[in-house]
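Below, read A as the first sequence line, B as the second, and so on, with proteins coming before strands; counting in each chain starts at 1. What you see is a predicted model, and the numbers here were worked out from it, not measured in a lab.
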Amino acid sequence: MATVSSPVRVRFAPSPTGFLHVGSGHSALANWLVARQTGGEFLLRIEDTDAERNRPELVDNVLEMLQWLGLQWDGTPVHQSERGALYADAAASLERAGATYHCDCTGEAVQARNKAAGGKPGYDGFCRDRGLEAGPGRAVRFRTPDEGRTGWTDLVRGEVSFANEDLEDFVVVRGNGAPMFLLANAFDDADMGITHVIRGEDHVNGTPKYLLLVDALGLARPTAFAHMPLLVNEGRKKLSKRRDDVSMADYRARGYLPEAMVNYLALLGWGPADGVEVRPVEEIVERYRLEDVNASPAFFDQKKLSFVNAEHIRALSSAAFQERARPFLTRGDPAAEALASLATEVQERVRTLTEVEPMIEFLVVEEPTMDEASWAKAITKGKAVPEMLDASIARLEALDPEAWVPERIQEAIGRAAIDAGLVNAEGGPQLSKAQGPVRVAISGRTVGPPLWESITVLGRARTLARLRHTRGRLG
RNA sequence: GCCCCCAUCGUCCAGCGGCCUAGGACGCCUCCCUUUCAAGGAGGUAACACGGGUUCGAAUCCCGUUGGGGGUGCCA
């Protein structure tokens with residue numbers, strides 16, 4: 001299959017009926033990648049011809065999410081709602097060419113006839129030859145050919161074609177005068193000079209009608225189409241707003257990095273030849289090939305997304321990591337300062353930015369929130385817990401306040417372990433056992449950043465107070 | 001129902017007629033490292049849906065079957 005090389009002119013055409021969804025993001029990304037790669041243009045068109053469903057405020061969400069992802073579009077977004085006259089002209093030209101007719105059938109009437117005729121869906125052509133004039137409430141239908149085939153070369157699917165006899169006479173203008181999706185969509189693509197139509201697989205069935213319309217309008221067909229694989233859930237069903245986690249804004253709120261989202265989305269349906277999956281977007285722009293995109297549906301795997309996100313988090317400089325985490329710190333500046341003191345340790349341990357704060361929270365709050373499971377594991381079921389806490393208090397207290405550094409603290413805890421009888425075969429301290437009660441006492445949890453560093457940052461007074469408090473609870 | 005599409009490990013991707021006793025990644029499991037958890041290192045688990053062709057040779061090409069998905073609106 002030919003490679004897309006000369007500059008393309010592509011578009012992302014969302015309908016503002018919902019928040020930007022990871023599936024639309026996937027299609028938008030494919031368009032953007034190809035535009036950037038070929039030095040072409042990535043245009044935006046808001047398909048808001050349905051005044052009743054249209055929610056203008058959702059346009060903001062779509063634009064904001066595209067910007068968040070870094071998918072900057074070229075020029076000003078086109079709004080179909082402002083182009084009614086153009087569609088009316090197109091419809092008039094269709095009528096002059098005899099390509100359309102007026103229809104006054106109601107949906108119920110069509111259904112009833114279909115049922116009587118054996119239950120096949122679609123319009124039956126009832127008004128085709130009735131010669132109805134235009135009139136209020138009357139829709140305009142396109143007269144599809146009765147024979148022949150309509151097809152195209154799809155960059156991801158190869159040759160695709162439909163028998164014209166299977167294509168019903170579809171509506172191009174509604175009874176209220178509003179243009180239908182297919183008319184506005186096909187007309188605009190030609191009018192905007194779109195060379196490559198890249199969109200989801202759910203548009204495959206509408207493509208022959210689109211093509212018939214473009215031809216009847218005397219406009220040029222796009223150079224190529226590419227129907228991207230659908231993104232599916234664990235049940236292998238198309239991702240849906242109702243049952244799946246698909247809102248791009250939610251992923252942002254849950255601490256995913258836009259570069260990780262873009263990286264992961266690019267991996268759905270495609271993979272770089274060198275096998276390096278996690279990489280900067282510029283490298284994906286260079287390597288992406290529409291012709292190599294798979295036609296089969298891809299499962300949107302949040303576990304892998306998390307892995308990719310963790311990799312991108314670790315790739316950040318410490319300063320950048322702290323800056324990116326800042327909006328997720330609900331406890332403000334104190335939390336930011338706490339993070340600064342343990343940044344590299346935390347950065348290596350989180351998969352999303354929302355996991356940052358819980359890891360340093362013990363440094364910010366008065367008293368750490370005690371995790372019940374951790375208490376049960378390290379305190380209730382721990383070995384020589386009272387002894388270990390007593391010894392830690394004694395050893396840490398004896399430590400020169402000037403020497404409150406990780407190395408000295410490790411030594412002190414090591415001695416405390418030996419005092420408490422937590423020794424290994426060589427007579428050394430059994431640190432893995434010894435650190436449990438201390439960690440829970442100071443942070444409330446069994447997992448967290450390295451202990452010696454945590455104690456160093458917590459400070460002498462607070463560390464001793466928390467150890468004593470926990471010791472006190474044991475009686 | 002009809003039309004269209006899809007079919008390699010649980011998942012994503014590689015494979016485009018011999019290099020495949022099928023490779024990488026996520027996940028899961030084991031071990032190492034280790035103050036917890038991560039990270040890192042070493043292993044392991046696991047797939048060409050089925051049946052016919054074509055060919056000296058098929059995961060790769062063709063046909064069929066089965067399975068899955070999408071569409072089937074005066075929504076986009």
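- Closest to the A/A295 side chain, of the nucleotides B/C6, B/A25, B/U35, is B/C6.
- Between B/C12 and A/R236, a contact under 4.0 Å exists linking OP1 or OP2 to a side-chain N or O.
- The phosphate of B/C26 (OP1 or OP2) has no side-chain N or O of A/S306 nearer than 4.0 angstrom.
- For A/R141 and B/G73, the shortest distance from a side-chain N or O to OP1 or OP2 is not below 4.0 Å.
- Using a 4.0 Å heavy-atom cutoff across all strands shown, A/R149 reaches sugar-phosphate atoms only and no base atom.
- To the nearest angstrom, P of B/G73 lies 12 Å from CG of A/D124.
- Base pairing annotation: B/U66 forms a Watson-Crick or G-U wobble pair with B/A7, both donor-acceptor distances under 3.5 Å.
- Distance A/F225 CZ to B/C4 P: 17 Å, rounded to the nearest Å.
- Using a 4.0 Å heavy-atom distance criterion, A/W270 is classed as a sugar-phosphate-only contact.
- Here the closest non-hydrogen pair linking A/S454 and A/P450 is OG-O, 2.8 Å.
- B/A38 and B/A49 are spaced 40 Å apart, taking the C1' atom of each and rounding to whole Å.
- Between the side chains of A/Y123 and A/N114, no donor N or O sits under 3.5 Å from an acceptor N or O.
- Applying the Watson-Crick and G-U wobble criteria (two distances, each under 3.5 Å), B/G23 pairs with B/C13.
- Heavy atoms of A/P449 sit under 4.0 angstrom from at least one base atom.
- In this structure, the CG atom of A/N185 is 16 Å from the C1' atom of B/G73, given to the nearest Å.
- The separation of B/C26 from B/A42, taken at their P atoms, amounts to 12 Å, rounded to a whole angstrom.
- Looking at the side chain of A/Q435, the nearest of the listed nucleotides B/U36, B/A76, B/C12 is B/U36.
- Below 30°, between 30° and 60°, or above 60°: for A/F162 and A/W152 the angle between ring planes is below 30°, a parallel geometry.
- Across B/C5, B/U11, B/G73, the shortest atom-to-atom separation from the side chain of A/F299 is found for B/U11.
- Across all strands shown, B/U55 forms no Watson-Crick or G-U wobble pair with both key distances under 3.5 Å.
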_Between A/S15 and A/R45, is the side-chain hydrogen bond (donor to acceptor under 3.5 Å, both in side chains) condition met? List the steps._
CA-CA 9 Å; A/S15 161; A/R45 185 172 73 227; over 6 Å; no

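- The separation of B/C48 from B/A22, taken at their C1' atoms, amounts to 8 Å, rounded to a whole angstrom.
- Straight-line distance between the P atoms of B/C37 and B/C31: roughly 13 Å, to the nearest whole Å.
- The side chain of A/H203 lies closest to B/A76 when the candidates are B/C3, B/U35, B/A76.
- Annotation: B/C4 and B/C9 have their C1' atoms spaced 29 Å apart (nearest Å).
- In this model, the phosphate group of B/C37 is not approached by any side-chain N or O of A/R439 to a distance below 4.0 Å at OP1 or OP2.
- Side-chain to base pairing of A/R349 with B/U36: one donor and one acceptor N or O lie within less than 3.5 Å of each other.
- None of A/L267, A/N263, A/L268 except one satisfies the side chain to side chain contact (heavy atoms under 4.5 Å, CB included) rule with A/L265; the exception is A/L268.
- In terms of phosphate contacts, A/K209 brings no side-chain nitrogen or oxygen within less than 4.0 Å of OP1 or OP2 of B/U72.
- The residues A/R254 and A/D245 are annotated as salt-bridged, a charged nitrogen and a carboxylate oxygen being separated by less than 4.0 angstrom.
- Between the side chains of A/T100 and A/E95, no donor-acceptor pair is found at a separation under 3.5 Å.
- Per the geometry, CD belonging to A/E345 stands 15 Å off P belonging to B/U36, to the nearest Å.
- Taking atom C1' on both nucleotides, B/C28 is separated from B/G15 by 25 Å, rounded to a whole Å.
- Atom CZ in A/R279 sits roughly 17 Å away from atom P in B/C13 (whole-Å rounding).
- Which of B/U11, B/G70, B/U35 sits closest to the side chain of A/L451 comes down to B/U35.
- Counting atom types as modelled, A/D202 pairs no side-chain N or O with a base atom of B/G71 as donor and acceptor under 3.5 Å.
- Between A/R174 and A/P450, it is A/P450 whose nearest contact on RNA chain B lies nearer the 5' terminus.
- At the heavy-atom level, A/G448 lies under 4.0 Å from base atoms of the strands shown.
- Taking atom CD of A/E311 as the reference point, atom P of B/G40 lies 6 Å away to the nearest angstrom.
- With B/A39, B/G73, B/G70 as the candidates, the nucleotide lying closest to the side chain of A/R314 is B/A39.
- Side-chain N/O atoms of A/N294 include none lying less than 4.0 angstrom from OP1 or OP2 on B/C6.
- Counting only heavy atoms from C-beta on, A/L431 has its side chain closest to B/U35 among B/U35, B/C4, B/G69.
- B/U60 sits 11 Å from B/U8 when the C1' atoms are compared, rounded to a whole Å.
- At a cut-off of 3.5 Å, with distance as the only test, a side-chain donor of A/Y251 or A/Q302 sits close to an acceptor on the other residue.
- In this structure B/A42 sits in a base pair with B/U30, meeting the Watson-Crick or G-U test at under 3.5 Å.
- Rounded to whole angstrom, the span from the CD atom of A/Q410 across to the P atom of B/U34 amounts to 12 Å.
- A/N176 places a side-chain N or O within donor-acceptor distance of the main-chain N or O of A/A178, the cut-off being under 3.5 Å.
- At B/G69, one or more side-chain N or O atoms of A/K237 fall inside 4.0 Å of OP1 or OP2 (strictly under the cut-off).
- With RNA chain B read from its 5' end, the first of the two nearest nucleotides for A/E47 and A/S161 is the one closest to A/S161.
- Here A/Q347 lies out of heavy-atom contact (under 4.0 Å) with every strand.
- Using a 4.0 Å heavy-atom cutoff across all strands shown, A/F307 reaches sugar-phosphate atoms only and no base atom.
- If you check B/C12, B/C4, B/A76 against the side chain of A/N205, the one that comes closest is B/C4.
- Among the protein residues, A/R351 comes within range of the sugar-phosphate backbone only, with heavy atoms under 4.0 Å from sugar or phosphate atoms but none that close to a base.
- How far CZ of A/R138 is from SG of A/C103: 9.5 Å, rounded to the nearest 0.5 Å.
- Between A/R53 and B/G73, a side-chain N or O to OP1/OP2 separation shorter than 4.0 Å is absent.
- Going from the P atom of B/C62 to that of B/U54 covers 15 Å, rounded to whole Å.
- Among B/A76, B/C74, B/C5, the nucleotide with an atom closest to any side-chain atom of A/V171 is B/C74.
- For the pair A/M388 CE and B/U36 P, the computed distance is 14 Å after rounding to whole Å.
- Contact annotation for A/H227: no contact, since no heavy-atom pair falls under 4.0 Å across all strands.
- Contact annotation: side chain of A/E201 to base of B/G71, donor-acceptor pair absent below 3.5 Å.
- Distances were taken from every side-chain heavy atom of A/V447 (C-beta onward) to each of B/C37, B/A76, B/C3; the shortest belongs to B/C37.
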